[in-house]
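Residue numbers count from 1 along this sequence. Each ligand, and each atom within it, is numbered from 1 in the order the structure gives.
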Amino acid sequence: MIAHTHEKASKGNLVRWSKRYDAIFGHLLRGSEGRVIELAEIKAGDTVLDLGCGPGNLTLNAKANVGKTGKVFGIDAAPEMIELANKKAAEKGVEVGFQVAYAQELPFADATFDVVISRLVFHHLPGDLKLQALNEIQRVLKPGGKCLVVDFDMPSLPVVGGLFKHVLSNHTMPQTDVRNYAVLMKQTGYQEVECDSTGRLLLAYVKGKK
Ligand SMILES: C[S@@+](CC[C@H](N)C(=O)[O-])C[C@H]1O[C@@H](n2cnc3c(N)ncnc32)[C@H](O)[C@@H]1O
């Protein structure tokens, strides 16, 4: 189920069908996780936030990379996603701080994180919410901290991209082009902004430093 129209406009497109999402996309996206961790330069001891963590698969992968001395948190606006993510963490016996929260209203103090990662979330945030989320990420990053946003790489795949845009527009989701996020990141004051394909099917990234 996709969120109601009013909720979409003001809060983002929530994904409440967590188990079905995980059954379909959990497997498909597994191959990109190592690459996301590598691009974000996550290392032992880091404090990391996965923004829009969904069922928490990437979040748990990040936890494996920060080790015992690091801390990992995941937020998602859909309670169903956080419930599933907490269940997975409990099954693995790992400690990850999952909580229900909006990307544009993060429940963390200023300068908390070394790295913020976000995969396939920004195309769920209409209009101003992308800017608000980028501002919030910047607020919670430590000075020099990194933000990595991964999303569909449609322009590089004209035929598949055209099809995706058609599907997304039918679901009233905004159009996606990760390269436009680079403009927004520069506008919000991020430094050393770069953008490229992840080298994994359909996914591109933009990253910058506070
Ligand atoms: C396509 S899923 C991606 C989940 C996960 N990052 C992954 O890679 O599998 C997008 C997620 O963004 C969440 N979301 C949408 N709008 C949001 C918002 N405003 N704040 C936080 N999460 C949001 C949805 O509920 C959904 O779980």
Can you tell which of G26, G74, G56, G52 gets a heavy atom nearest to atom 4 (C) of ligand 1?
-> G52

Sub-4.0 Å atoms of ligand 1 with respect to non-hydrogen atoms of L120 | 1 (C), 2 (S), 3 (C), 10 (C)

Apply ring-ring contact (aromatic ring centres under 6.0 Å, His included) to the pair F73 and F98, showing each step before the final yes or no.
-> CA-CA 6 Å; F73 297 81; F98 287 115; 9.4 Å; no

Going by distance only, is there an N or O of D50 that falls short of 3.5 Å from an N or O of ligand 1?
-> no

For ligand 1, the portion of A101 having any non-hydrogen atom under 4.0 Å away = backbone

Identify, for atom 3 (C) of ligand 1, the protein heavy atom at the shortest distance, and state residue, atom and that distance.
-> Y21 OH, 3.2 Å

Is it true that atom NZ of K92 has more than 12 heavy atoms of other residues, nucleotides or ligands lying nearer than 6.0 Å?
-> no

Side chain, backbone, both or neither: the part of L51 lying under 4.0 Å from ligand 1 by heavy atom = neither

Kindly identify the option in A78, A77, A103 whose heavy atom sits closest to atom 23 (C) of ligand 1.
-> A77

May I ask whether Y102 has any heavy atom positioned less than 4.0 angstrom from an atom of ligand 1?
-> yes

Below 3.5 angstrom, do we get any N/O pair linking Q104 and ligand 1?
-> yes

Is it the side chain (CB and beyond), the backbone, both or neither of C53 that lies under 4.0 Å from ligand 1, heavy atoms counted?
-> backbone

Polar atom proximity, H123 to ligand 1 (N or O, under 3.5 Å) | no

Relative to the heavy atoms of M81, which atoms of ligand 1 are at a distance of less than 4.0 Å?
-> 27 (O)

Using distance alone, decide if ligand 1 has a nitrogen or oxygen within less than 3.5 Å of any nitrogen or oxygen in H124.
-> no

Would you indicate whether D110, at its atom CG, is surrounded by more than 12 heavy atoms from other residues, nucleotides or ligands within a distance under 6.0 Å?
-> yes

Should we say atom CD of E105 is surrounded by more than 12 heavy atoms from elsewhere, each under 6.0 Å from it?
-> yes

Part of L125 with heavy atoms under 4.0 Å of ligand 1, whether side chain, backbone, both or neither | side chain

Distance-only side-chain donor-acceptor flag, N57 / K88, under 3.5 Å | yes

So which heavy atom in the protein is nearest atom 15 (C) of ligand 1, and how far is it from that ligand atom?
-> N13 O, 3.1 Å

shortest atom 27 (O) of ligand 1-to-protein heavy-atom contact is with D76 OD2, 2.6 Å

On a heavy-atom basis, the closest approach of D151 and H123 is OD1-ND1, 2.8 Å

Go through the steps to decide whether E80 and K19 satisfy the test salt bridge (Lys or Arg N to Asp or Glu O under 4.0 Å), and finish with yes or no.
-> CA-CA 8 Å; E80 297 83 353; K19 287 188 186 139; over 6 Å; no

Looking only at distance, does P55 have an N or O less than 3.5 Å from an N or O of ligand 1?
-> no

